[in-house]
Amino acid sequence: MSALSLKCRDKVLDLSRPAIMGIVNLTPDSFSDGGQLYAGSKLSQSKALVVIEKILKDGANIVDIGGESTRPGATEVSEQQELDRVLPILELIVSRFDTLVSVDTSTAVVMREATAKGAHLINDVRALRREGAIEAAAQSGLPVCLMHMQNQPQTMQFEPVYQDVVVDVLAFLASRKQDCIDAGIAAEKIILDPGFGFGKTLAHNLTLFNAIDQFVASGHPVLVGVSRKAMIGQVLGIEDSSKRLIGSVMMAVLAAQRGAAILRVHDVLETKQAIDVWQTMIIKEED
Ligand code: 9MG
């Protein structure tokens, strides 16, 4: 199945080269950029607009918006809070920009409302395991990203354990994929994601990273999100997540080399430049 493009509603996502998904956190408490779109306790549409405009100018192919923080230890949000954060910004993007919008949610009602308002893709860190999510995603007809997470954000970093992290994560995604197909989601609409940092130690993350090609071998586009995450901080000894740019860009290129189709990143411009240089060198090698 190794598709070079993905149909997302009325648009097509080109996957003949790595696509860049720019992160827009609509939360006051996300791990790296939480709160940057807030004026006091209120989400500011004008601040969001500035950030989204920049991400698109910098070369993002997809804008990923989310109203729930899933950083380790994050507090849960209500459905209404998520709807209030996501829907107005989704409407803003769809009405102003010609781009693909992915909605980062695990909540069925958010999936349904976001689909009605023009979202192009569902990105679910819980791989459609919440009640009603798989049905909502199937009815939407949109592509879905199924991510692996052990436990829940509140508890996931308390001593995660695997028999064999690669085998276990591959098996989980294969089983979720089959459930999706049984629920009526077309196989061509499924994106897989090993879920870096979600219930994994540094050793688990690095082992999985080196096995990205095994996820790619499934024939599904693979999404990799390592941007500014703790694994980069642990490798480099950098506590402040906003100072993890170089490690993040490096890992994005390494993920792309291993076959990742979509890179979920905070630093769009820098990642795109690095990917562009790498792509140019591949083309030169083939000349
Ligand atoms: C929402 N979110 C945070 N990290 C992520 C990751 O690594 N992958 C995906 N698909 N979503 C993520």
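Just so you know, these numbers come straight off a predicted model, no measurement behind them. Both counts, for ligands and for their atoms, begin at 1 and track the order of listing.
- Proximity of Cys145 to ligand 1 is established by a heavy-atom distance of less than 4.0 Å.
- Using a 4.0 Å cut-off between heavy atoms, Val226 makes no contact with ligand 1 at all.
- For atom 4 (N) of ligand 1, the closest non-hydrogen atom on the protein side is Lys229 NZ, 3.1 Å.
- The 12-atom threshold is exceeded at NZ of Lys47, counting heavy atoms of other residues, nucleotides or ligands nearer than 6.0 Å.
- With no hydrogens or angles considered, a side-chain donor-acceptor pair links Thr107 and Arg130 at under 3.5 Å.
- Residue-level proximity to ligand 1 for Leu223 is carried by the side chain, the only part with a heavy atom below 4.0 angstrom.
- A tilted orientation is assigned to the rings of His148 and Tyr162, their planes being inclined by 30° to 60°.
- No donor-acceptor distance shorter than 3.5 angstrom exists from the side chain of Ser175 to the backbone of Ala171, with no hydrogens or angles considered.
- In this structure, the separation between CG on Asn61 and CG on Leu263 is 9.5 Å, given to the nearest 0.5 Å.
- Judged by distance alone, with hydrogens and angles left aside, the side-chain atoms of His220 form no donor-acceptor pair with the main-chain N or O of Leu192 at under 3.5 Å.
- Shown in contact with Asp104 at under 4.0 Å from a heavy atom are these atoms of ligand 1, numbered in order with element: 1 (C).
- Ligand 1 has no N or O atom lying under 3.5 Å from any N or O atom of Val224, backbone or side chain.
- Between the side chain of Gln81 and the backbone N or O of Ser78, at least one donor-acceptor pair lies under 3.5 Å.
- Scanning the protein heavy atoms around atom 3 (C) of ligand 1, the nearest turns out to be Arg264 NH1, 3.2 Å.
- In the hydrophobic clustering of this structure, Ile275 groups with Ile282; members are Ile, Leu, Val, Met, Phe, Trp, Tyr whose side-chain heavy atoms approach within less than 4.5 Å, directly or through other members.
- The protein heavy atom nearest to atom 9 (C) of ligand 1 is Asp193 OD2, 3.1 Å.
- Asn123 ND2, 3.2 Å is the protein heavy atom nearest to atom 11 (N) of ligand 1.
- Shown in contact with Phe198 at under 4.0 Å from a heavy atom are these atoms of ligand 1, numbered in order with element: 3 (C), 4 (N), 5 (C).
- Close contacts of ligand 1 with Val125, meaning ligand atoms under 4.0 Å from a residue heavy atom, involve 1 (C), 2 (N), 11 (N), 12 (C).
- Against a heavy-atom cut-off of under 4.0 Å, Gly225 is close to the following atoms of ligand 1: 7 (O).
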